[in-house]
Amino acid sequence: MEKAVIETPAGFTGVCWTGAGLVVLNLPAPTVDEAELELRPVLDRLPSRTSGGVAGEGGGIDVKRLESEISQYFRGRRVDLSFPVDWSYFTEFRRKVLEKVYAVPWGQVVSYGRIAVEVGSPGGARAVGGAVGSNRVLLVVPCHRVIAHDGTLGGFGSGLDWKRRLLRIEGIDI
DNA sequence: CTAACTAAACCTA
DNA sequence: TAGGTTTAGTTAG
């Protein structure tokens with residue numbers, strides 16, 4: 001597992017990855033120390049892999065490009081953030097949900113219920129809430145673009161203020 | 001295995 | 001619109 005702290009206009013964000021892709025990407029913190037500190041509890045709670053391990057660590061992530069694109073994001077530029085994700089730490093259901101979320105483009109939103117239908121669990125909107133709540137690869141897996149059916153915010157692990165702020169960057173006022 | 005959680009949605013009044 | 005009911009998956013015991 002590789003680690004780094006990258007600098008963005010919004011602060012310092014901690015990142016972890018394997019040869020397969022990103023495992024953790026936190027929201028920006030005010031200082032490098034805080035960014036590193038916030039990485040620890042996430043890694044401690046990382047569940048064991050559900051699918052096979054990865055051969056050859058250390059390829060995967062172009063950290064400079066990541067830093068550049070995340071910075072662009074916080075400057076309000078439309079970026080894809082199409083970096084590889086290491087899905088192997090998620091259960092089957094959560095992986096399916098988060099892969100659908102991964103595909104939601106900048107500036108667009110989806111409801112929990114719609115994702116539930118898309119992964120073949122109609123009526124499982126609440127379970128989808130649990131799944132997106134387990135996302136640790138913020139921004140790259142844009143779980144902030146998942147909102148409630150009635151157009152209200154729903155929830156967000158890092159606080160609704162962050163969710164509102166991220167959506168606002170993308171031109172969505174809720 | 002059951003019970004108790006969710007970042008939900010629906011139905012009814 | 002408010003309030004209760006139903007829902008699917010995960011996790012703790």
Side-chain angles (χ1 to χ4, degrees), chain A residues 1 8 10-11 13-18 20-30 34-35 37-54 70 73-74 78-83 85-174:
Chain A
M1 184 84 71
T8 82
T13 111
V15 192
C16 299
W17 68 95
T18 66
L22 291 167
V23 177
V24 183
L25 196 160
N26 280 341
L27 290 172
E34 286 180 71
L37 217 58
E38 288 174 15
L39 223 37
R40 206 170 305 201
V42 184
L43 291 173
D44 287 345
R45 294 172 170 184
L46 209 60
S48 46
R49 290 175 186 256
T50 58
S51 49
V54 186
I70 297 284
Y73 178 83
F74 281 107
R78 177 177 184 144
V79 285
D80 289 334
L81 299 178
S82 56
F83 294 85
V85 172
D86 184 346
W87 302 107
S88 66
Y89 292 92
F90 296 103
T91 64
E92 186 66 18
F93 176 78
R94 290 179 167 183
R95 185 179 57 73
K96 275 196 289 187
V97 168
L98 293 175
E99 279 178 341
K100 288 292 181 189
V101 176
Y102 185 86
V104 179
W106 190 96
Q108 283 186 220
V109 291
V110 208
S111 72
Y112 298 94
R114 174 103 181 92
I115 298 277
V117 170
E118 283 182 2
V119 299
S121 296
R126 214 165 175 183
V128 168
V132 296
S134 73
N135 177 36
R136 299 172 225 69
V137 193
L138 283 296
L139 305 177
V140 170
V141 179
C143 59
H144 59 281
R145 296 179 190 143
V146 187
I147 66 175
H149 189 72
D150 62 1
T152 55
L153 267 181
F156 199 64
S158 315
L160 290 178
D161 288 340
W162 262 115
K163 188 169 186 173
R164 204 175 288 110
R165 176 175 171 187
L166 296 176
L167 288 173
R168 206 187 165 101
I169 288 174
E170 303 181 22
I172 298 164
D173 257 303
I174 297 183

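Each chain gets a letter, A, B and so on, in the order its sequence line appears, and its residues count up from 1.
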Exercise for the section: Tell me, please, which residues at least two apart from Asp161(A) pass salt bridge (Lys or Arg N to Asp or Glu O under 4.0 Å). Expected result: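 For Asp161(A), the residues satisfying salt bridge (Lys or Arg N to Asp or Glu O under 4.0 Å) (neighbours in sequence not counted) are Arg164(A).
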Practice task
Name all residues meeting the salt bridge (Lys or Arg N to Asp or Glu O under 4.0 Å) criterion together with Arg78(A); count only those two or more places apart in sequence or in a different chain, and write none if there are none.
Solution key: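 Applying salt bridge (Lys or Arg N to Asp or Glu O under 4.0 Å) to Arg78(A) gives none.
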Is there a side-chain contact between [X] and [Y] in this structure, where contact means two heavy atoms from C-beta onward sitting under 4.5 Å apart?
X: Ile169(A); Y: Phe74(A); result: yes
X: Ile70(A); Y: Leu25(A); result: yes
X: Asp86(A); Y: Arg49(A); result: yes
X: His144(A); Y: Phe156(A); result: yes
X: Glu170(A); Y: Val109(A); result: no

Exercise for the section: With rounding to the nearest 0.5 Å, note down the distance linking CG in Leu22(A) to SG in Cys16(A). Expected result: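 The CG atom of Leu22(A) sits 9.5 Å away from the SG atom of Cys16(A).
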Problem - Leu166(A) side, atom CG; Cys143(A) side, atom SG - distance, nearest 0.5 Å - result: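 Reported value, rounded in 0.5 Å steps: 8.5 Å.
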For [X] and [Y], which heavy atoms make the closest approach, and how far apart are they?
X: Pro41(A); Y: Leu37(A); value: CD-O, 3.1 Å
X: Gly107(A); Y: Arg145(A); value: N-NE, 4.1 Å
X: Gly154(A); Y: Tyr112(A); value: CA-OH, 4.0 Å
X: Leu81(A); Y: Tyr73(A); value: CD1-CD1, 4.4 Å

Exercise for the section: Give DNA chain B the dot-bracket treatment, 5' to 3': Watson-Crick (N1-N3 with N6-O4 or O6-N4) or G-U (N1-O2, O6-N3) under 3.5 Å, [ ] crossing, | other strand. Expected result: ||||||.||||||
Problem - Strand-adjacent residues in residues 95-115 of chain A, judged by heavy atoms under 4.0 Å from DNA chain C - result: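 Output list: empty, so none.
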Problem - Counterpart residues, side chain to side chain donor-acceptor pair (under 3.5 Å), relative to Glu38(A) (two or more places apart) - result: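 With neighbours one apart ignored, the set is empty.
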Exercise for the section: Could you list the residues that satisfy side chain to side chain donor-acceptor pair (under 3.5 Å) with Asp44(A), not counting sequence neighbours? Expected result: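 Side chain to side chain donor-acceptor pair (under 3.5 Å) list for Asp44(A), sorted by chain: empty.
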Tabulate below the donor-acceptor pairs under 3.5 Å that side-chain atoms of residues 131-142 of chain A make, not counting sequence neighbours, or state none.
| unit_1 | atom_1 | unit_2 | atom_2 | d |
| --- | --- | --- | --- | --- |
| Ser134(A) | OG | Ala131(A) | O | 2.6 |
| Asn135(A) | OD1 | Val137(A) | N | 3.0 |
| Asn135(A) | ND2 | Val141(A) | O | 3.0 |

Problem - Nucleic acid contacts of residues 130-138 of chain A, taken as heavy-atom distances under 4.0 Å to DNA chain B - result: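 Going residue by residue through residues 130-138 of chain A, the ones with a heavy atom under 4.0 Å of DNA chain B turn out to be Val132(A), Gly133(A).
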Exercise for the section: Please list, by residue number, the residues of residues 151-159 of chain A whose heavy atoms come closer than 4.0 Å to an atom of DNA chain B; answer none if no residue qualifies. Expected result: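 Heavy-atom cutoff 4.0 Å gives Gly155(A), Phe156(A), Gly157(A).
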Fill in the blank from the handout: Once base and sugar-phosphate atoms are separated, protein heavy atoms under 4.0 Å mark nucleotides 8-13 of chain C, 5' to 3', with B, S and - as BSSS--
Name the atoms and distances for all side-chain donor-acceptor pairs under 3.5 Å in residues 96-104 of chain A, with sequence neighbours left out.
| unit_1 | atom_1 | unit_2 | atom_2 | d |
| --- | --- | --- | --- | --- |
| Glu99(A) | OE1 | Arg95(A) | NH1 | 3.2 |
| Glu99(A) | OE2 | Arg95(A) | NH1 | 3.4 |
| Tyr102(A) | OH | Phe83(A) | N | 3.4 |
| Tyr102(A) | OH | Phe83(A) | O | 2.7 |

Measure all distances between protein nitrogen or oxygen atoms and nitrogen or oxygen atoms of nucleotides 10-13 of chain B, and list the pairs falling under 3.5 Å.
none

Handout entry: Separation of atom CG in Leu160(A) from atom P in dA8(B), rounded to whole Å
Key =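 It works out to 10 Å between those atoms.
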